*Asks:* 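Input: one structure, supplied below.
Side chains included, hydrogens not; waters and symmetry mates left out as well; all remaining heavy atoms used. Because the structure is predicted, anything quoted here is derived from the model rather than measured.
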Amino acid sequence: MYCYTYMNQFTCIFNELLLWTHISSEHPIFLKTVATLSEVNLQKDIQDKLDDIHQTFLALYNNVVYLKNDVEGNPNQYFQHIIGIKKLIDEFLRHDDHALSIYPELMTSGVENKAWQELINHIISEQTFMLQLFKDLRQEIR
């Protein structure tokens, strides 16, 4: 976690967004890989939902990179950048909420595999942490 106190600069927000959008985009790939290696049979619709989560967070990551570069290249557009950061955080919150609605569905596969179940619980906990983190950061931006 990069932000230890109230937001005081864009760097802090961008570091958080870059870190957590990247991790969020990798979670579905990791889950599919572990499922395959553990012989957990994921239904096609669940695999499609995981692919969608991956693509959504990957696109958001790319948008964060774009805005970060714009901020560095145009530092005088402060208020425009604040609006852009708010939009990125709002988008993250929507996507994270969606991912958190999908991940519990994975619990129905591999019920007997305790490591699989624990992995899903861990990812749900991590995504829940991210959700709260970005809610807090969003409140700090007025």
Side-chain angles (χ1 to χ4, degrees), residues 1-75 77-78 80-142:
M1 183 159 138
Y2 295 98
C3 299
Y4 298 108
T5 60
Y6 289 103
M7 184 192 82
N8 57 5
Q9 59 179 338
F10 288 131
T11 302
C12 167
I13 297 294
F14 282 122
N15 287 342
E16 292 291 353
L17 280 166
L18 289 169
L19 173 67
W20 296 115
T21 55
H22 178 72
I23 288 172
S24 296
S25 75
E26 292 299 317
H27 276 161
I29 303 301
F30 183 64
L31 285 165
K32 286 175 61 176
T33 301
V34 171
T36 299
L37 294 173
S38 302
E39 298 179 4
V40 172
N41 186 22
L42 295 178
Q43 298 173 357
K44 174 78 168 105
D45 67 317
I46 295 289
Q47 291 181 38
D48 291 344
K49 289 176 184 179
L50 289 174
D51 290 340
D52 181 55
I53 292 169
H54 167 70
Q55 290 300 323
T56 300
F57 277 109
L58 184 59
L60 182 56
Y61 175 85
N62 290 330
N63 290 340
V64 172
V65 169
Y66 176 82
L67 184 60
K68 182 177 187 281
N69 290 336
D70 190 51
V71 166
E72 291 169 355
N74 301 298
Q77 297 178 344
Y78 181 80
Q80 264 186 291
H81 294 141
I82 288 288
I83 291 168
I85 288 171
K86 286 179 182 179
K87 286 181 181 179
L88 290 173
I89 291 174
D90 290 343
E91 190 175 342
F92 184 93
L93 291 171
R94 279 192 315 278
H95 297 322
D96 196 37
D97 194 45
H98 174 71
L100 283 167
S101 74
I102 301 298
Y103 288 146
E105 293 180 34
L106 297 169
M107 301 290 277
T108 62
S109 301
V111 176
E112 67 289 341
N113 186 329
K114 299 299 179 196
W116 172 253
Q117 298 293 315
E118 187 59 34
L119 173 63
I120 296 166
N121 282 326
H122 172 78
I123 288 176
I124 289 171
S125 294
E126 216 171 63
Q127 293 293 151
T128 302
F129 168 80
M130 294 176 211
L131 187 68
Q132 189 59 53
L133 171 69
F134 283 107
K135 283 180 180 179
D136 292 344
L137 289 174
R138 180 63 174 88
Q139 280 190 311
E140 290 182 27
I141 302 172
R142 303 269 180 230

*Asks:* In chain order, what residues pass the side-chain contact (heavy atoms from CB on, under 4.5 Å) check against Lys87, with sequence neighbours excluded?
*Replies:*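 Once residues adjacent in sequence are excluded, the partners of Lys87 under the side-chain contact (heavy atoms from CB on, under 4.5 Å) criterion are Ile83.
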
*Asks:* Pairs of donor and acceptor atoms involving the side chains of residues 55-62, under 3.5 Å and at least two apart or interchain, shall be tabulated with distances.
*Replies:*
unit_1	atom_1	unit_2	atom_2	d
Thr56	OG1	Asp52	O	2.7
Asn62	ND2	Leu58	O	3.3

*Asks:* Go through the steps to decide whether Met130 and Ile23 satisfy the test side-chain contact (heavy atoms from CB on, under 4.5 Å), and finish with yes or no.
*Replies:* CA-CA 10 Å; Met130 294 176 211; Ile23 288 172; 3.8 Å; yes

*Asks:* Among all residues two or more places apart in sequence or in another chain, which pass the side-chain hydrogen bond (donor to acceptor under 3.5 Å, both in side chains) test with Asp70?
*Replies:*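 For Asp70 the side-chain hydrogen bond (donor to acceptor under 3.5 Å, both in side chains) partners, ignoring immediate neighbours, are Asn74, His81.
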
*Asks:* Report the residues that fulfil side-chain contact (heavy atoms from CB on, under 4.5 Å) with Asn69, sequence neighbours left out, ordered by chain and then residue number.
*Replies:*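 Asn69 satisfies side-chain contact (heavy atoms from CB on, under 4.5 Å) with Val65, Glu72 once adjacent residues are dropped.
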
*Asks:* List for me each residue that meets side-chain contact (heavy atoms from CB on, under 4.5 Å) alongside Gln80, sequence neighbours excluded, and say none if there are none.
*Replies:*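 Residues passing side-chain contact (heavy atoms from CB on, under 4.5 Å) with Gln80: Gln77.
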
*Asks:* For residues 30-40, tabulate all N or O donor-acceptor pairs below 3.5 Å that involve a side-chain atom, not counting sequence neighbours.
*Replies:*
unit_1	atom_1	unit_2	atom_2	d
Lys32	NZ	Asp51	OD1	2.6
Lys32	NZ	Asp51	OD2	3.3
Thr33	OG1	Ile29	O	2.9
Thr36	OG1	Lys32	O	3.0
Ser38	OG	Val34	O	2.9

*Asks:* Output all residues satisfying side-chain hydrogen bond (donor to acceptor under 3.5 Å, both in side chains) with His22, sequence neighbours left out; order by chain, then residue number.
*Replies:*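 side-chain hydrogen bond (donor to acceptor under 3.5 Å, both in side chains) list for His22, sorted by chain: empty.
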
*Asks:* Would you mind reporting whether Ile85 and Ile89 have side-chain heavy atoms less than 4.5 Å apart?
*Replies:*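 A side-chain contact under 4.5 Å exists here.
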
*Asks:* Of all residues at least two apart in sequence or in a different chain, which pass the side-chain hydrogen bond (donor to acceptor under 3.5 Å, both in side chains) check with Asp48?
*Replies:*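 Counting only residues at least two positions away or on another chain, Asp48 forms a side-chain hydrogen bond (donor to acceptor under 3.5 Å, both in side chains) with Lys44.
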
*Asks:* So, using salt bridge (charged side-chain N to carboxylate O under 4.0 Å, His left out) as the criterion, who are the partners of Asp136 when residues are at least two apart?
*Replies:*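 With sequence neighbours excluded, Asp136 shows a salt bridge (charged side-chain N to carboxylate O under 4.0 Å, His left out) to no residue whatsoever.
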
*Asks:* With distance as the sole test, does Trp116 use its side chain to make a donor-acceptor pair with the main-chain N or O of Leu106 at under 3.5 Å?
*Replies:*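 Between the backbone of Leu106 and the side chain of Trp116 there is a qualifying donor-acceptor contact (under 3.5 Å).
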
*Asks:* Could you measure the distance from the CG atom of Leu133 to the CD atom of Gln127? Nearest 0.5 Å is fine.
*Replies:*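 Going from the CG atom of Leu133 to the CD atom of Gln127 covers 11.5 Å.
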
*Asks:* At their closest point, which heavy atom of Gln117 faces which heavy atom of Gly110, and how far apart are they?
*Replies:*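 In terms of heavy atoms, the two residues are closest at NE2-O, 3.1 Å.
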
*Asks:* Apply side-chain contact (heavy atoms from CB on, under 4.5 Å) to residues Phe14 and Val71 and explain how you reach the verdict.
*Replies:* CA-CA 10 Å; Phe14 282 122; Val71 166; 3.8 Å; yes

*Asks:* Could you pull out the closest heavy-atom pair between Ser109 and Asn41, with the gap in Å?
*Replies:*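 Closest heavy-atom pair between Ser109 and Asn41: OG-O, 3.5 Å.
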
*Asks:* At what distance, to the nearest 0.5 angstrom, does OG1 of Thr21 lie from CG of Asn63?
*Replies:*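 Reported value, rounded in 0.5 Å steps: 9.5 Å.
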
*Asks:* How many angstroms lie between NE2 in His54 and CD in Glu26, if you round to the nearest 0.5 Å?
*Replies:*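 Output value for this atom pair is 6.5 Å.
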
*Asks:* Taking the side chain as C-beta and beyond, is there a heavy-atom pair between Phe92 and Arg138 under 4.5 Å?
*Replies:*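 Result no, sub-4.5 Å side-chain heavy-atom pair not found.
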
*Asks:* What salt bridge (Lys or Arg N to Asp or Glu O under 4.0 Å) pairs are there with at least one residue in residues 104-113, not counting sequence neighbours?
*Replies:*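 As it turns out, the salt bridge (Lys or Arg N to Asp or Glu O under 4.0 Å) pairs with a partner in residues 104-113, which skip direct neighbours, are Lys49-Glu105.
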
*Asks:* Out of curiosity, Leu119 CG to Lys114 NZ, how far, rounded to the nearest 0.5 Å?
*Replies:*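 NZ of Lys114 is found 14.5 Å from CG of Leu119.
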
*Asks:* Hey, could you give me the CD/CG distance between Glu16 and Leu18, rounded to the nearest 0.5 Å?
*Replies:*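 These two atoms lie 10.0 Å from each other.
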
*Asks:* Name the one of Leu50, Asn121, Thr128 that satisfies side chain to side chain contact (heavy atoms under 4.5 Å, CB included) with Tyr103?
*Replies:*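 Answer to the side chain to side chain contact (heavy atoms under 4.5 Å, CB included) test with Tyr103 among Leu50, Asn121, Thr128: Leu50.
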
*Asks:* Taking only residues two or more places apart in sequence or in another chain, which ones pass side-chain hydrogen bond (donor to acceptor under 3.5 Å, both in side chains) with Glu91?
*Replies:*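 Partners of Glu91 under the side-chain hydrogen bond (donor to acceptor under 3.5 Å, both in side chains) test: His95.
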
*Asks:* What's the spacing between Glu118 CD and His122 NE2 if we round to 0.5 Å?
*Replies:*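 Those atoms lie 9.0 Å apart.
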
